[in-house]
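Structure first, commentary second.
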2 protein chains.
Amino acid sequence: MKANKTTIKDVALKAGISVTAVSLILNGKGERFSSETKRKVHQAQLELDYYPDYYARGLVGQRNNSIGVVIPNIKNPFFSSLALSIEQAAIPKGYFPQIFSVNGFKENIDYFIEQFASGTQKGLVLAAPGASKEIVDKLSIHNDIPMVLTDQADLNTDDDRVLIAEEKSGKEIAHYLLSLGHKRVAFVIPRKLTMNLVKRFTGYTEAFIEYGLEVSEDLIFRTDFGPEGGVKAAKEIIKTDATAIIAINDDVAMGVFKGLHSLGKSVPGDYSIVGFDDFNLNKYLIPSLTTMAQPIELIGQKIVELMIERIQYPNRPSKRIVLDTKLKIGDSTRQINEGGRVL
Amino acid sequence: MKANKTTIKDVALKAGISVTAVSLILNGKGERFSSETKRKVHQAQLELDYYPDYYARGLVGQRNNSIGVVIPNIKNPFFSSLALSIEQAAIPKGYFPQIFSVNGFKENIDYFIEQFASGTQKGLVLAAPGASKEIVDKLSIHNDIPMVLTDQADLNTDDDRVLIAEEKSGKEIAHYLLSLGHKRVAFVIPRKLTMNLVKRFTGYTEAFIEYGLEVSEDLIFRTDFGPEGGVKAAKEIIKTDATAIIAINDDVAMGVFKGLHSLGKSVPGDYSIVGFDDFNLNKYLIPSLTTMAQPIELIGQKIVELMIERIQYPNRPSKRIVLDTKLKIGDSTRQINEGGRVL
DNA sequence: AAACAGTAGTAAAACGGTTTACCAAATACG
DNA sequence: CGTATTTGGTAAACCGTTTTACTACTGTTT
């Protein structure tokens, strides 16, 4: 038979004082009580190993301090790093992020929406591009709840956003490859294009136009997210005359790399590869990947900053912060000569 | 001015029926009500966009369905994969894991203990070897709460555990390297040895003894977790006559690999490397790493299985499940000839 | 026709805290 | 010395659900 849960009443009884007093004292609002009384309360709490019930406490004082963070896939190092950076920024401020990794589970989204709609979280960070739309729609009625998005889509919400300069990033990557002499560049992109990818792609294209070149349709490869997708794409790419490859993220880039390798091609000998994200294992790859690094830590910090502002001043006008990325040149890219493939 | 939260009363009012009826109907226990009434309730819910308050609901019916999962580091692919596999096993059964990544934050542990002690979770999975001891101690009084550990330590608790055959694994790795002709094998281990590592190490040693060899102290390298630790270790290892390296996990192995590479050494040419864990990016590394694969999915499944059993039958005797690992031979190891380094 | 069983519904008591409003005794003030 | 204020404390309302224990009514048996 289980012992009944120890409640505040038990503490009050043990300390020989009222429930009110116990509550106030344990919440640091007990200035008015004598230090002797306080001592007895703390003593009783310790002896009974009392912890206030989370639900009861949440029910009355609406002050919970947890913020929900929705990410698409916990296994993608970019998102797990982002989750960590949000955590690191939030905890010192007294907020505790709760990670929801959607992972393609329908139930997951439902569960999280329910959780959120029922008032568990004080705010919501949606770091799941694409999935956002659906979620934002479902939650749109609750628009008095602070949200921060990392979504470029033109959603008709006035939520705060932390974004990266997608177009500029795309352009910079393309410029870099073009400056190395690559003219035939393959793009490996996902089947479903989210808004940020469209923008990034626009940037790529602009760079080509500035060089008097154009992006040819036959060098665009649509595949799945994740390394498997990259492996598949590699098989197609070697049938073309491409000399460089831009992957939608490092995860995919790794797959392309592996795919090329097992087809007997070398990097950067036969192909230059550029990734995107700079997840944390990147610098340990051999050869290391040239990639457009997202400022993950900064993104996390800004997200938390906006979130806290918004919680404190619910009616302040919405903000949109755009952060710059940084090209990190690794060993996966190299100059090629005018004529063709080999330097 | 914010609109007041819509409560069950509003729904009842709108539907012209009692609060009880609304509650029962919305929880699928309203068989006895006429379908017309049900319709009205659902209608009202929809129109008012009503979601039951999480706290109120939690307060009364103690049936929340969330289980806490504590992992040491969300960035380590092994643990993020484990978290995912727990999620995949739990959700179909109607339980929702909540991930707490400790990440070395003292506040994190405190927060989570408070959360847990205050009854938020129905059960607790401690997948944080080493940290467990402290936590288990603090929570020991609440020993009526279902816990599943993945800790080899001889804690005096009767909690369920899901473990891997550490000693056997260690032995198998060593046997494999010995069978390839390696006699001088370096070990890269963390500074702080948890119980599982001690056991694994025992296995290594046994294999050496069976071969009439012994593990020499000067080939044991203690370093930090993570790839950085591996890089550091590599610098020391090349000063020795080791021909093979066993790393405590794949994360570290990658670092060793990178370190050797930047010191002009090749793998498996100069050194064979074996890792542990088999995190999900492993097969995309070049060369792919020989590693002792943990059955991550199965671990997740067993954890959830035990947890649910324990929730349903709190008094059943505790179980301890030991799972086998599997050596996955990659391209990072090779045979060497009797004499010395080169085949 | 009396007893019985459904049927469709409700009022009120929990759940475990926090907070508001109030009080009695002790002390300070003029 | 009578009144005002401070000190140390409490009783009770409330938060939004779920659940228990009724009730009134309508058929159905025997």
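Just so we're clear, the structure is a prediction, and the values are computed from it rather than from any experiment. Just so we're on the same page: letters track the sequence lines, and every chain starts at 1.
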Extract from the structure each pairing of a protein N or O with an N or O of nucleotides 6-11 of chain C at less than 3.5 Å, listing the distance.
unit_1	atom_1	unit_2	atom_2	d
C/dA8	OP2	B/Arg32	O	3.2
C/dG9	OP1	B/Thr37	OG1	3.0
C/dG9	OP2	B/Ser34	N	3.1
C/dG9	OP2	B/Thr37	OG1	3.2
C/dG9	N7	B/Arg32	NH1	3.0
C/dG9	O6	B/Arg32	NH1	2.2
C/dT10	OP1	B/Ser18	N	3.4
C/dT10	OP2	B/Ser18	N	3.0
C/dT10	OP2	B/Ser18	OG	2.7
C/dA11	N7	B/Thr20	OG1	3.3
C/dA11	N6	B/Thr20	OG1	2.9

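- Side chain of A/Ser81 to main chain of A/Pro77: a donor-acceptor pair is present (N/O by atom type, distance under 3.5 Å, no hydrogens or angles).
- With sequence neighbours left out, the side chain to side chain contact (heavy atoms under 4.5 Å, CB included) criterion links B/Ser66 to A/Tyr111, B/Asn64, B/Gln98, B/Gln121.
- Residue contacts for A/Tyr50: at a heavy-atom cut-off of 4.0 Å it reaches the sugar-phosphate backbone alone, with no base atom in range.
- Remark: A/Gln301 pairs with no residue by the side-chain hydrogen bond (donor to acceptor under 3.5 Å, both in side chains) rule, at least two apart or across chains.
- Distance A/Gln45 CD to C/dG17 P: 11 Å, rounded to the nearest Å.
- Phosphate contact (OP1/OP2 of C/dT19, side-chain N/O of A/Lys29, threshold under 4.0 Å): present.
- One interatomic measurement links the two molecules: CG of A/Asp53 to P of D/dT17, which rounds to 17 Å at whole-angstrom precision.
- In this structure A/Arg316 satisfies the side chain to side chain contact (heavy atoms under 4.5 Å, CB included) test together with A/Asp160, A/Leu306, A/Glu309, A/Arg310, A/Tyr313, A/Lys319, sequence neighbours excluded.
- Residue B/Tyr55 contributes atom OH, which lies 18 Å from atom C1' of D/dC14 at whole-angstrom precision.
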Anything under 3.5 Å between a donor and an acceptor, one on a side chain of residues 8-16 of chain A, the other on a protein residue two or more places apart or in another chain? List them.
unit_1	atom_1	unit_2	atom_2	d
A/Asp10	OD2	A/Thr7	N	2.7
A/Lys14	NZ	A/Glu47	OE1	3.2

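- Looking only at distances, no side-chain donor or acceptor of B/Tyr55 sits under 3.5 Å from a matching main-chain atom of A/Ala56.
- Whole-Å rounding puts the A/Lys9 NZ to D/dT10 P distance at 15 Å.
- Partners of A/Asn73 under the side chain to side chain contact (heavy atoms under 4.5 Å, CB included) rule, at least two apart in sequence or in another chain, are A/Lys75, A/Asn76, A/Asn103.
- Residues forming a side chain to side chain contact (heavy atoms under 4.5 Å, CB included) with A/Phe225 (at least two apart in sequence, or on another chain): A/Pro190, A/Ile248, A/Asn249.
- Residue B/Ile8 contributes atom CD1, which lies 14 Å from atom C1' of D/dC15 at whole-angstrom precision.
- In terms of the ring pair (Phe, Tyr, Trp, His ring centres under 6.0 Å) criterion, residue partners of A/Phe112 (sequence neighbours excluded) are, by chain and number, A/Phe100.
- Here the P atom of nucleotide C/dG16 and the OH atom of A/Tyr54 are 17 Å apart, to the nearest Å.
- Across the protein-nucleic acid pair, A/Arg57 atom CZ and C/dT19 atom C1' stand 14 Å apart, rounded to whole Å.
- A rotation axis mapping the C1' atoms of four pairs onto the next four is fitted at both ends of the helix from C/dA1-D/dT30 to C/dG30-D/dC1 over five pairs, and the angle between these axes is 50° to 10 degrees.
- Base engagement by A/Ser23 is indicated by at least one non-hydrogen atom pair under 4.0 Å involving a base atom.
- Protein atom CD1 of B/Ile25 is 15 Å distant from nucleotide atom P of D/dT19, rounded to whole Å.
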